[in-house]
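No experiment lies behind these values; they were computed from the predicted model shown.
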Amino acid sequence: MTSGQEWGELVTRAVEWSRDRMEAARVDRQRRTDPVFLARVQRQAALEQRARAQQAQVVAEEKYRAKLTRVGKRATTGAYVAAGTAGLGVLDLATGIGGQTGLDGVMPGAPGFWFLSAAVAGLIGWRARATLRTATPPPKIALPPVPPPVLTPGTVGAEEAADVYRAEGQLIAMIPAVDQLHGEAGMSLRATMTAVQP
């Protein structure tokens with residue numbers, strides 16, 4: 001191949017590349033002024049914003065449930081530890097082991113330690129129960145509205161698109177309930193919605 005042919009192929013490729021770039025720019029300009037395209041972009045952004053809000057609601061509710069579980073365990077443990085240590089204190093006082101010289105009890109010379117431990121554990125349990133009583137669930141996050149698909153009434157597929165939009169709205173409204181029943185199913189439903197929406 002001669003250098004002239006190589007030069008010609010190089011120029012041809014450059015012209016084709018610039019023509020493709022100009023065509024892509026023209027299409028992009030048309031799309032940016034196309035109301036249907038703009039409405040689709042807005043709808044997709046609204047759907048993504050709604051999905052983020054739903055995910056934030058799920059995370060807040062999971063944190064709240066985890067906090068209730070943690071505080072409930074602390075309250076139960078505090079009550080049991082307080083009862084146990086108070087019982088040991090009574091036992092230590094009743095047998096008199098702690099106060100007698102020459103006899104080593106469970107805590108030699110300190111039956112009051114059991115009552116102090118019971119008081120501390122009881123206080124921890126009482127505070128945990130008070131936290132449980134005053135705990136408020138996270139507020140519901142308002143879901144942003146999603147604009148319907150842009151199809152003027154009377155056009156081909158307008159009725160079907162409206163049916164699909166209604167079904168999509170029902171699915172979106174159902175996702176938080178599915179999350180509460182089974183988190184994995186909610187994630188799967190979200191993935192399906194993301195795959196089907198385009």
Side-chain angles (χ1 to χ4, degrees), residues 43-147 164-198:
R43 176 174 162 74
Q44 189 62 32
L47 287 169
E48 289 170 3
Q49 188 178 3
R50 179 180 280 248
R52 282 194 300 272
Q54 287 175 332
Q55 187 60 35
Q57 182 73 45
V58 168
V59 168
E61 288 173 358
E62 284 176 357
K63 283 183 180 177
Y64 175 69
R65 283 193 295 272
K67 178 185 175 184
L68 289 183
T69 303
R70 189 174 60 250
V71 173
K73 286 179 181 176
R74 189 181 307 150
T76 305
T77 304
Y80 283 134
V81 169
T85 52
L88 285 173
V90 168
L91 180 67
D92 215 0
L93 278 177
T95 58
I97 293 174
Q100 294 180 10
T101 56
L103 293 176
D104 289 336
V106 182
M107 283 294 283
F113 171 78
W114 296 115
F115 294 114
L116 179 63
S117 299
V120 170
L123 179 64
I124 291 171
W126 176 78
R127 286 188 63 191
R129 290 200 183 282
T131 303
L132 279 175
R133 281 193 299 272
T134 59
T136 56
K140 293 288 183 188
I141 298 174
L143 297 178
V146 177
V164 168
Y165 172 64
R166 278 192 294 276
E168 183 182 33
Q170 289 171 350
L171 279 175
I172 289 172
M174 195 173 65
I175 286 176
V178 173
D179 277 331
Q180 289 180 354
L181 293 173
H182 196 274
E184 223 173 275
M187 289 171 55
S188 174
L189 190 55
R190 273 196 188 81
T192 302
M193 293 286 292
T194 305
V196 168
Q197 277 164 2

(request) Any chance you could measure Tyr64, atom OH, to Thr69, atom OG1, to the nearest 0.5 Å? (result)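 Here the rounded value is 10.5 Å.
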(request) For Glu48, check side-chain hydrogen bond (donor to acceptor under 3.5 Å, both in side chains) against everything at least two apart and list the hits. (result)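 Here no residue qualifies.
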Exercise: identify the closest heavy-atom pair between [X] and [Y]:
{"X": "Leu68", "Y": "Ala135", "value": "CD2-CB, 3.9 Å"}
{"X": "Ala86", "Y": "Ala118", "value": "N-CB, 3.6 Å"}
{"X": "Val81", "Y": "Ala121", "value": "CG1-CB, 3.5 Å"}

(message) Strictly by salt bridge (Lys or Arg N to Asp or Glu O under 4.0 Å), give each pair with a member in residues 62-83 just once, sequence neighbours left out.
(response)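 For residues 62-83, and leaving out neighbouring residues, there are no salt bridge (Lys or Arg N to Asp or Glu O under 4.0 Å) pairs at all.
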(message) Show me the pairs that pass side chain to side chain donor-acceptor pair (under 3.5 Å) and involve residues 49-58, at least two apart or across chains.
(response)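 Listed by first then second residue: Gln57-Glu61.
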